[in-house]
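This is a predicted model, so every value here is computed, not measured.
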Amino acid sequence: MMSPAYKKFLVFSEKVVPFLSRPALPALLLPNGQHLFSSNAICRLSTLIIHCFCQPALLQALHMTVLQGKGSEVSKVIQGPLNYLVQSLSKINTPYLTGVKSQHLFLCYLSKFPFNFSSFKLWFDRVNGMHACQTAAQKVLQGKGHECMKSYMQRQPAPQISQCRDMQPSNSTPAEADEGERLVSEEEIEAAALTWNKGLSPQATERKHPILPQEGKRNILLTSALPYVNNVPHLGNIIGCVLSADVFSRYGRLRGWNLLFVCGTDEYGTATENKAREEGLTPQQICDKYHAVHSSIYKWFQIDFDFFGRTTTEKQTEIAQDIFWRLHKNDFLVEDTVEQLCCENCKRFLADRFVEGICPHCSYPEARGDQCDKCGRLINAVELKEPQCKVCRQTPVIRTSKHLFLDLPKLESQLEQWLDKSTSGGDWTPNAKQITRSWLRDGLKPRCITRDLHWGTPVPHPDFKEKVFYVWFDAPIGYLSITANYTDKWEKWWKNPQQVELYNFMAKDNVPFHSVVFPCSLLGAQDNYTLVNHLVATEYLNYEDTKFSKSRGVGVFGDMAKDTGIPSDVWRFYLLYVRPEGQDSAFSWADMAMKNNSELLNNLGNFINRAGMFVMKFFEGCVPVMDLQHEDKRLLALVGWELQQYIQLMDKVKIRDALKHILNISRHGNQYIQVNEPWKKIKGGDTERQRAGTVTGVSVNIACLLSVMLLPYMPTVSQTIRDQLNAPQSCINTMLQGTGTFVCALSAGHRVGTVSPLFQKLEADQIEALKKKFGGQQVFDPSPLDSTPAIVYLCKILLQHSYLRENLNHFETILSNLSQGDKVRALKAQKAEKAVITAEVAKLLDLKKQLAVAEGKSPEPAPQKSKKK
């Protein structure tokens, strides 16, 4: 730290510091004749200026450059804050940024350089050209440039332009407002004080089933994409559909909307057939088993469905076949003979998702037979290059089969008319609009709706009685049949577009089926079906910069989360904090610990606990009398504004962004307590004791508001706060009415309950152990397809196999033979004759048997399993 007396001149031109034989710049000349010339000094100065005034805009610029590839547009974001900075500094008539000598560097250079940053730029350009700087940059950035920051930025909240300070010239100086804090007008302050005294609304009635549309109410039908029954959902699946939908449904109920939330397991298709074969069960037994697994996981994550059903029901068959016959009657179905991939080894036609190959559009090597996860394009399995059966890895052959198609081109004009209305009037996420537009831009093609399978909804047409419906025709109809199993008056929801708004929640890969295929089915049925008004799609959540993989043990899956000892509310909070709303994001153990310890423990939990403890400790458990001063009313206005922003964002399903406003409120509350120091004032005279009471009363009411705002995100924590504060139930249906109603819910004399801490610290060793546990196991498997060099296999052996560590005489033989794997790969790359490759593969398999014997295992290979989805 430099004493203020030493901070004087900043020199931008090259000069020789007297005791150095080489030039060094910049140099900070101190009054005592000493020089500071480190790059750190100048960076501290520039960081101070930029951080205090421009950080939100800089974060926005970094986000645009790294994640959106819009580096050319950055100047538009930065120009406003820089102009504001110049105007703000021009109003200061002291030589220090805030007028306080002890706080900031001397800025005398502003008069010499009229704040065009040209000299700063010159200095940074010169530093950038230095060999040492370039070497360091190469070491850190590894030649990736901005790309090296991508994984870090994906874990950060997407910056919002609204987070930036109002960049228009203001009558106030930066010193008059804390960074990031909104300036509230006198009108807002008085309005907040009036709202504070309004009192609570009458208690709302509890949910009664069955929930049906009501006249005069906002009736919302909310669905979450139906999870495949054959897979245990991982964190990405959970945040992508059910958790996001649950948050919005809870919020909607707080807003007083008449809302029905349905979901269920998608149980038909080849994936279920294969899983049944794998586990030696019937498809129905598999469905029963995994439906229970899904239900248990969602219950632990506190997903509050009104009804969680399944697609293997009579209602599903009845409704799907009815829609089919209506499409047939209205001439929206066509027959065609198609080429399909058939695995001669498995002796069956392969469903799309059991074929894998190279995408014909973008050359992604792991494209599925129905869709490429990289470019998002839908494809036919026969279009794949180098296709493989995912069950046995053999190359399938092409066979012909007659199928039925939904005539999408014939429905295209109707679809476009409906889409124009729905996307303009509803809340469709940008990715949903973009994916849908790309489909229409490429032109719709007939889409096959039948498959050569056994496990599925049977096609009722006599010419196709051996076939079942394709899962992406059948599965969305599950929303209807699940509702029908909930209430026999299901048509009041699904055939009532005049009264009902439909929200669909899903990940982006499901968009085209919900925005094109399913709506076309319902439009073609011509039965007044309710179509989606709001299509909410997330991007992908990755795991520590890689993908979730059950088979490799990478990532946290739903049935594992509860075994970590971390409460489900904390899981919910973090998943929603990093919810992939605008771009892919990543789950990170270190980041989860940091957010828990900083945002939950030190910010939110600290404020709520302090507020409640002050009531218990200083006022015998009763809320004290509050005599609001201007400072208190200003805080009410500030909190009220944050509440309004929360409501506006949640109404638009900006769940991740809305969460930040909850945390902002608790930050305001912590600052309010810290500035007023009620623990000191309570020991003073009557005036100071009264002040301590007011601060405590206002704080505990803010805590009550936070409990309501938290309810959609952390339902258990929300209930715990209200229990500790003994808050009236009516506060729940009061605070979120209209544009936000922050009232005094805990008036003077209200007795609180027992207050205790809400959160626990996540320790570094605990997090490190969990990261290791879910980081995947590197299994030794020198298969012909493995591209790992032979020497790495030796390292794996040394680290993992105690038998070989104790029997070093095996190493020489194994090491000399491990090159066999490399030999096989080289032969394949050279496209050698099949007989030669086969002979060398046989040698490699023999080596694998030798290694198995050395490890004390059976030399016979284990049955090969298909990849899990």
Should the pair Tyr503 and Phe248 be assigned to parallel (<30°), tilted (30 to 60°) or perpendicular (>60°) ring geometry?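 Rings of Tyr503 and Phe248: tilted, as their planes differ by 30° to 60°.
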Parallel, tilted or perpendicular: which one describes the rings of Tyr298 and Phe308, with boundaries at 30° and 60°?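 Geometry flag for Phe308 against Tyr298: perpendicular rings.
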Would you kindly say whether [X] and [Y] are connected by a side-chain donor-acceptor distance under 3.5 Å?
X: Gln302; Y: Asp569; result: yes
X: Asn664; Y: Gln645; result: no
X: Ser666; Y: Asn603; result: yes
X: Asn670; Y: Arg667; result: no
X: Thr694; Y: Gln690; result: yes

Quick one: does NZ or CZ of Lys660 land under 6.0 Å from the six-membered ring centre of Tyr577, within 45 degrees of the ring axis?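 Output yes; distance and angle both within limits.
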Positive for side chain to side chain contact (heavy atoms under 4.5 Å, CB included) with Tyr251, one of Leu711, Asp651, Leu259: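 Of the listed residues Leu711, Asp651, Leu259, the side chain to side chain contact (heavy atoms under 4.5 Å, CB included) partner of Tyr251 is Asp651.
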Under the salt bridge (charged side-chain N to carboxylate O under 4.0 Å, His left out) criterion, do Glu501 and Arg218 qualify, and how do the steps go? CA-CA 8 Å; Glu501 291 179 63; Arg218 186 181 182 191; 2.8 Å; yes
Heavy-atom check, side chain of Val717 versus side chain of Leu600, under 4.5 Å: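 No. Closest side-chain heavy atoms not under 4.5 Å.
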If you define the side chain from C-beta out and look only at heavy atoms, does anything of Phe614 sit under 4.5 Å from Ile673?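 Yes - at least one pair of side-chain heavy atoms lies under 4.5 Å apart.
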First locate atom [atom1] of [X], then atom [atom2] of [Y], and finally report the distance between them rounded to the nearest 0.5 Å.
X: Leu601; Y: Asn606; atom1: CG; atom2: CG; answer: 7.5 Å
X: Asp246; Y: Phe305; atom1: CG; atom2: CZ; answer: 7.5 Å
X: Lys492; Y: Ile211; atom1: NZ; atom2: CD1; answer: 14.0 Å
X: Met735; Y: Ile647; atom1: CE; atom2: CD1; answer: 11.0 Å

Is Asp657 salt-bridged to Lys652, going by a charged N under 4.0 Å from an acidic O?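 Not counted as a salt bridge, because no side-chain N and carboxylate O are separated by less than 4.0 Å.
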Is Asp584 salt-bridged to Lys508, going by a charged N under 4.0 Å from an acidic O?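 Looking at Lys508 together with Asp584, the answer is yes, because their closest N to O distance falls below 4.0 Å.
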